[in-house]
Trainee: 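Here you go, one structure.
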There are 2 protein chains.
Amino acid sequence: MGELTAALRKHSRKVTGPRQAILEVLRRHQHPLANREIHRALGPENCDLATVYRNLHTLEGMGLVRRYDFGDGTARFELVPEGEEGHHHHLICQQCALIVEVEECFPEELEQALARRHGFTGITHRLEFFGLCPRCAAARPTPAD
Amino acid sequence: MGELTAALRKHSRKVTGPRQAILEVLRRHQHPLANREIHRALGPENCDLATVYRNLHTLEGMGLVRRYDFGDGTARFELVPEGEEGHHHHLICQQCALIVEVEECFPEELEQALARRHGFTGITHRLEFFGLCPRCAAARPTPAD
DNA sequence: ACCGTTTTGCGGCTGGTTTGCAAATGACGG
DNA sequence: CCGTCATTTGCAAACCAGCCGCAAAACGGT
Ligand SMILES: [Mn+2]
Ligand SMILES: [Mn+2]
Ligand SMILES: [Zn+2]
Ligand SMILES: [Zn+2]
């Protein structure tokens, strides 16, 4: 809680109700949430959707929140754990949208080699896995097309 | 050319002007192109933007074209090389949007282990790298903020 | 050349995201 | 505790990639 206040002060940002509420929602969920979902979890009367968008953008800029892209045209956000770097990936079921947190990561040495070879600096990556979860696979055992 | 015709026939699709023109554009570029870019390359008078969208969707469904997502809310497409699987990734400069084709891929065995552990089937991944290219790094040597 | 199917152009529409602006609200010094 | 000022919010409109419906045009097989 003090962490948030400190981070906000550092950027001359204010500790507002919506801000705290949004972070509280993210704290309660350990999976990426869409703006709309956060807004719903807040109670639609609690704050405007545009405010959710603006705050997530701000919080992302301050490094308190990280943006994920599952390729469906909707941004999702997760709280960055205090102190930790928090870099990780996801495995998403293409049928039911189940999300599994994934610690496996692209080999550091490969990434560095790649950067060196092409003279790139500040290299990062975006990596997500997709497939069919056990439940969905059972419900649809190889469609007879 | 005959490859295209054969593929289209197999799906009872027609060999139309826009279709051929789009594939010709993709053949000339070896990097992912956005719908808008393809449309422009075609000459805006040549065919409607909606037609470009529809055809890329169709061609993707037939496996002639592959969709890429650089996380900027714009889909990009690349021709799938004849016969080959064509799976690969990209390294994108966040400053100038320069695109480098990347053959490095997430280790197959890690992906399989991940799938097994969570009972997922038909697993795939989306992986793209981001950074600052040499040219942009030179033009902006550690901004004095 | 004819006919049934597919495709196209065009306009309108969607859903996620951003923005302009005036009112509301935090931060801070007195 | 209060006033001031920058930041933030609500609201509505704008934006933007992508999608859809429909009538006209183009294809493919005959
Ligand atoms: Mn996560
Ligand atoms: Mn490529
Ligand atoms: Zn990683
Ligand atoms: Zn790969």
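Hydrogens, waters and symmetry mates play no part in the numbers below; they use all other heavy atoms, side chains included. Every chain is numbered from 1, with letters handed out A, B, ... down the list of sequences.
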Trainee: Let me see the working for B/V52 and B/F77 under side-chain contact (heavy atoms from CB on, under 4.5 Å), right down to the final yes or no.
Mentor: CA-CA 11 Å; B/V52 175; B/F77 298 87; over 6 Å; no

Trainee: Take the protein atom CG of B/L49 and the nucleotide atom C1' of D/dA17, then report the distance between them rounded to whole Å.
Mentor: 9 Å

Trainee: Scan B/H125, B/R66, B/E103 and name whichever one has a side chain to side chain donor-acceptor pair (under 3.5 Å) with B/H87.
Mentor: B/H125

Trainee: CG/B/L33 to OG1/B/T74 distance, rounded to the nearest 0.5 angstrom?
Mentor: 12.5 Å

Trainee: Can you tell me the distance, in whole Å, between the CG atom of B/D69 and the C1' atom of C/dG16?
Mentor: 14 Å

Trainee: Distance check needed: C/dT8 P versus B/L42 CG, whole Å only.
Mentor: 11 Å

Trainee: It should be established whether A/N35 places a side-chain nitrogen or oxygen under 4.0 Å from OP1 or OP2 of nucleotide C/dT17.
Mentor: yes

Trainee: Does OP1 or OP2 of C/dG9 have a side-chain N or O of B/T51 closer than 4.0 Å?
Mentor: yes

Trainee: Assess, by modelled atom type and distance only, whether the side chains of B/H31 and B/E78 contain a donor and an acceptor separated by less than 3.5 Å.
Mentor: no

Trainee: Hey, does A/V65 have a side-chain heavy atom less than 4.5 Å from the side chain of A/R67?
Mentor: no

Trainee: For B/R76 and for A/T58, find the nucleotide of DNA chain D with the closest heavy atom, then tell me which residue's nucleotide is more 5'.
Mentor: A/T58

Trainee: Does A/V102 have any side chain to side chain contact (heavy atoms under 4.5 Å, CB included) partners at least two apart in sequence or in another chain, and if so, which?
Mentor: A/H89, A/L91, A/E104, A/F129, B/L114

Trainee: Looking for any heavy atom pair under 4.0 Å, which part of the strands does B/A75 touch: base, sugar-phosphate only, or nothing?
Mentor: sugar-phosphate

Trainee: Report the relative orientation of the aromatic rings in B/Y68 and B/H88; use parallel for angles under 30°, tilted for 30 to 60°, perpendicular for over 60°.
Mentor: tilted

Trainee: Between B/N46 (CG) and D/dA26 (P), how many Å, whole number?
Mentor: 13 Å

Trainee: List, with names and distances, any nitrogen or oxygen atoms from the protein found under 3.5 Å away from nitrogen or oxygen atoms belonging to nucleotides 2-7 of chain D.
Mentor:
{"residue": "D/dA6", "atom": "N3", "partner": "A/K14", "partner atom": "NZ", "Å": "2.9"}
{"residue": "D/dT7", "atom": "O2", "partner": "A/K14", "partner atom": "NZ", "Å": "3.3"}

Trainee: Just checking, any donor-acceptor pair under 3.5 angstrom between side chains of A/Q112 and A/E108?
Mentor: yes

Trainee: Nucleotides 10-14 of chain C: which of its N/O atoms have a protein N/O under 3.5 Å away?
Mentor:
none

Trainee: Closer than 4.0 Å, any side-chain N/O of A/Y53 to the OP1 or OP2 of C/dT17?
Mentor: yes

Trainee: Rounded off to whole Å, could you give me the CG-to-P distance for the B/L8 and D/dA26 pair?
Mentor: 18 Å

Trainee: Atom CG of A/D72 and atom C1' of D/dC19: how far apart are they, to the nearest Å?
Mentor: 16 Å

Trainee: What is the distance, rounded to the nearest whole Å, between atom NE2 of B/H57 and atom C1' of C/dT6?
Mentor: 16 Å

Trainee: Distance check needed: C/dG15 P versus A/R36 CZ, whole Å only.
Mentor: 9 Å

Trainee: Under the criterion salt bridge (charged side-chain N to carboxylate O under 4.0 Å, His left out), I'd like the reasoning laid out for A/R40 against A/E37: C-alpha separation, chi angles, the key distance, then a yes or no.
Mentor: CA-CA 5 Å; A/R40 182 152 19 88; A/E37 299 174 311; 5.1 Å; no

